[in-house]
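Encoded as structure tokens, the structure appears first; notes follow it.
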There are 2 protein chains.
Amino acid sequence: MAPRSRPLVLDDVSKAIIEQLQTDGRRSYSEIGKAVGLSEAAVRQRVQKLTDAGVMQVVAVTDPMQLGFYRQAMIGIRVSGDTTAVAEEIGAIPAVDYVVLTAGSFDILAEVVCENDDDLIDLLNKRIRGIDGVQSTETFVYLRLHKQFYNWGTR
Amino acid sequence: MAPRSRPLVLDDVSKAIIEQLQTDGRRSYSEIGKAVGLSEAAVRQRVQKLTDAGVMQVVAVTDPMQLGFYRQAMIGIRVSGDTTAVAEEIGAIPAVDYVVLTAGSFDILAEVVCENDDDLIDLLNKRIRGIDGVQSTETFVYLRLHKQFYNWGTR
DNA sequence: CTGACTTGCCACGGAATCCGAACCGGAGCG
DNA sequence: CGCTCCGGTTCGGATTCCGTGGCAAGTCAG
């Protein structure tokens, strides 16, 4: 949770390792080593370094729909005053899984995951719009998730 | 890439397994089994089923910044005609990692990952705005990613 | 140049894990 | 009752994980 580390240049081998784990996070070190031309131990050390440095993390990602969260939305938020403070507060809400400060007609974009429409309404009215500094919000209800990639690493 | 398997109810044990893998995608089956009260083989079978069904996938997620992608943005797109077709075309662009059909003042939201501003400009002008049916776009350049969670599974 | 230090990789071996297959018990059904 | 399906457990051999030690190639100071 603390990516406090130097730039940490990534050579081609590390990129290759990341690509391997992007396609399958459970691939064995020796298999990766075979693919990138390194020994098992070397791969292991590099993966450890990469995760320690916060460059990469291996996790399970899920389909919210199939877990009972039937309503997702992106919320554009206009703020007066310190955007960071507001972002902090919004990020503290459990239903919010993604917060980013932006330039443009919104100051903050927040993605939320709710079980149903009632939860979304409550979230908006009772939580987000009540935050000090929030001027206005605009909600984009998700109709269909069409693409979701995690392998933007090296192209 | 094809979540073609509808019903598949998730009991508490499967949810617990998912939570384990959400905190660490490389945790061993036996360790998970110990945590959720199942044998190693049973955990393995369930994980296999869950991934096959598209409920969950274990992957490496990376910090784009540390991989040389210094410019991210969300692009709101207004479309005339079939939104699905446009979404399909946008999703085919490598720099686009996230596409969702929405209700609201945008028809499509697309997150893009670029190396720099020039790439972003080219992406917008030469790729996205050239797609048939795209009426207008609005770009929200990311200033700072503030929160990003993958563990929305069960709360 | 040289010696101390650092860094990254490989080799190795014991412990742990993975993984396929066999087995088992309960539920549903004719 | 016999049969099948399902999900769990057990089991054993192959594989992987992981700590450790060694080695070669820098780097730096004197």
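Order of the sequence lines fixes the chain letters, A, B, ..., with proteins taken first and strands second; residue numbering starts at 1 for each chain. Nothing here was measured: the structure is a model prediction, and the numbers come from that model.
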Between [atom2] of [N] and [atom1] of [X], the distance in whole Å:
| X | N | atom1 | atom2 | answer |
| --- | --- | --- | --- | --- |
| Q48(B) | dA21(C) | CD | P | 14 Å |
| Q20(A) | dT16(D) | CD | P | 14 Å |
| D11(B) | dG7(D) | CG | C1' | 11 Å |
| R46(A) | dT7(C) | CZ | P | 14 Å |
| L50(A) | dG8(C) | CG | P | 11 Å |
| I32(B) | dA16(C) | CD1 | P | 18 Å |
| Q45(A) | dT20(D) | CD | P | 12 Å |
| L10(A) | dG8(C) | CG | P | 13 Å |

Considering all heavy atoms of both residues, which atom of [X] and which atom of [Y] are nearest to each other, and what is their separation?
| X | Y | answer |
| --- | --- | --- |
| V141(B) | A73(B) | CA-CB, 4.0 Å |
| Y142(A) | R71(A) | O-NH1, 3.8 Å |
| D97(A) | V112(A) | OD1-N, 3.9 Å |

Practice prompt. Identify whether the distance between the nearest side-chain nitrogen and carboxylate oxygen of E138(B) and R78(B) falls below 4.0 Å.
Written response: yes
Looking for any heavy atom pair under 4.0 Å, which part of the strands does [X] touch: base, sugar-phosphate only, or nothing?
| X | answer |
| --- | --- |
| A41(B) | base |
| E31(B) | nothing |
| E40(A) | base |

Fill in: D107(B) (side chain) donor-acceptor with T83(B) (main chain) under 3.5 angstrom
no
Discussion item. When you measure from the side-chain N and O atoms of K49(A) to the phosphate of dT7(C), is any distance below 4.0 Å, counting only OP1 and OP2?
Written reply: no
Item to complete: Using a cut-off of strictly less than 4.0 Å, decide whether S39(B) has a side-chain nitrogen or oxygen near OP1 or OP2 of dG8(D).
Response: no
Fill in: Minimum-distance nucleotide to L38(A) side chain [options: dC9(C), dC18(C), dT9(D)]
dC9(C)
Discussion item. Tell me whether the side-chain N or O atoms of R44(B) pair up with the base of dG20(C) as donor and acceptor below 3.5 Å, since no angle test is needed here.
Written reply: yes
